[in-house]
Number of protein chains: 2
Amino acid sequence: MTRLLIADDHELVRETIAAYLAEAGQLEVIQSADLEDALVRLASTGPVDLVLLDYTMPGMSLPEGVHRAIDANAPNPVALLSGTASPDTARRALAAGAAGFLPKTMAPETLITAVRHLLNGGTYAPQQFLESDQKNRKNLHLTPRELDVLRGICEGKANKEIARDLEVQEVTIKLHVKTLCRKLNARNRTHAAMIGRDLDLL
Amino acid sequence: MTRLLIADDHELVRETIAAYLAEAGQLEVIQSADLEDALVRLASTGPVDLVLLDYTMPGMSLPEGVHRAIDANAPNPVALLSGTASPDTARRALAAGAAGFLPKTMAPETLITAVRHLLNGGTYAPQQFLESDQKNRKNLHLTPRELDVLRGICEGKANKEIARDLEVQEVTIKLHVKTLCRKLNARNRTHAAMIGRDLDLL
DNA sequence: CATAGCCCTATCCCTCCGTATAGGTTACAT
DNA sequence: ATGTAACCTATACGGAGGGATAGGGCTATG
């Protein structure tokens, strides 16, 4: 029988999805509440036909967590499941080797379809989702330098510190901060930091 | 038959939980993908026996969203359902009049129990969850006023604006900002905003 | 009633932020 | 070759942030 492992720290969500997959998908579903437990189970029982990992769970990370899961389940596929992750996160997950990215906003029937597709060795990544932010960001092209500065801001650094780290003058940082605020529609550096974090720009 | 409305923008989660509640709980379950749709449905069909609202969904807010739902479903109870909300959020939801707060980490059987309890007019708020952050934050007791200020900071407001909104003097805001930075080990307001966001203090 | 915590105010001082203006150098494309 | 994008620099100024110090008023709790 086809075996599937689903890892999610939200027991309510995990149990109900697992029940649905077991019944509607005719699958044997193994459950874990965090990444470590999932890895231990894979190590003891051997690879399952498909692993579904929640992105926001204890121990999970990109790309390390995904790599560990892929290694533990080789040669069978690992896919991510998330309700909140950004398209950028999805892209990074796929870049890390995940076979699919399943948003929790999808319909249950679509999940079954996606799982079947993944079991057949395919990949699943809703292009609509992946491209959904391209439009939002088409006029949001942050240059590498601006991202460097944004990172510094988010760490609470002063312009002077960022300047020293990047080995430029403080005025240059001020310039980048100003353009950052303009591009992000932020009122000041703090606002820019929050917006940048919301948009998962770092 | 007992009717329940569940609102959550994650279709996969909503559908599977709804299916579970319908079957295991012998309930009639109505679904909505956002707060507006839920309110429209309540307005057209009249109050249901219990409303379950996801905290992180379009249109949802504290305390306004909760108040609107309570008004729309009066006199029957409204409870919140969330996977990520902090204990502080749960407390504010209850303060806003919610009859319960159900973390998505709970077991499905516990959900049934909680729903039955809410249907009987009781309240449900896992005290273990409500107190769970007291340990992590034992030396992190932010006063209500400090949270107000932190909110303002996170929105990119200047001290002067926050002062006007809270109807106090600017110096008072500066004082709160200073204590906030000390309590959060932040280097400045921007850092404090990021830390507060990471800790889900708002 | 005394203590403690929270909230508010005041004054002084200095640093940092934010904006404006006016340039300059590369690198790469049409 | 001309344009354009990215990056950097300089000077200058007003306003905001942030720290120190020194209080007063309120309420809850013993």
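Just so it is clear: chains get the letters A, B, ... in the order the sequence lines come, proteins before strands, and each one is counted from 1.
At least one donor-acceptor pair under 3.5 Å links the side chain of Arg116(B) to the backbone N or O of Gly25(B).
By the 4.0 Å N-to-carboxylate-O rule, Asp54(B) lies close enough to Lys104(B) to be salt-bridged with it. Ion pairing between a basic and an acidic side chain is recognised when a charged N comes within 4.0 Å of a carboxylate O; Arg68(B) and Asp71(B) show no such pairing. Ion pairing between a basic and an acidic side chain is recognised when a charged N comes within 4.0 Å of a carboxylate O; Asp165(A) and Arg151(A) show no such pairing.
Here the options are Thr110(B), Thr113(B), Val115(B), the test is side-chain contact (heavy atoms from CB on, under 4.5 Å), and the partner is Tyr124(B); only Thr110(B) passes.
For the pair Gln169(B) CD and dG23(D) C1', the computed distance is 16 Å after rounding to whole Å. Rounded to an integer number of Å, the gap from CD1 of Ile173(B) to C1' of dC7(C) is 11 Å. The separation between Leu180(B) atom CG and dG17(D) atom P is 14 Å, rounded to whole Å. At whole-Å resolution of the value, CG in Leu147(A) and C1' in dC7(D) are 14 Å apart. Separating the CG atom of Leu166(A) from the P atom of dA6(D) is a distance of 17 Å, rounded to the nearest angstrom. Atom pair Asp148(B):CG and dC7(C):P shows a separation of 9 Å (rounding to whole Å applied). At whole-Å resolution of the value, CD in Glu146(B) and C1' in dG5(C) are 11 Å apart. If you measure from atom CD of Glu161(B) to atom P of dG15(D), you get 16 Å, rounded to the nearest angstrom.
Using a 4.5 Å cut-off on side-chain heavy atoms (C-beta onward), Arg187(A) and Cys181(A) make no contact. Side-chain contact between Met60(A) and Val66(A) is present, with at least one heavy-atom pair separated by less than 4.5 Å.
Using a 4.0 Å cut-off, no side-chain N or O of Thr143(B) falls inside it from OP1 or OP2 of dG5(C). Between Thr172(A) and dC7(D) there is no side-chain N or O to OP1 or OP2 distance below 4.0 Å.
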Q) Where along nucleotides 13-21 of chain C does protein come under 4.0 Å, by heavy atom, of base (B) or sugar-phosphate alone (S), with - for untouched nucleotides? A) ---SBBB--

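Side chain of His176(B), nearest nucleotide from dT9(C), dC8(C), dC7(D): dC8(C).
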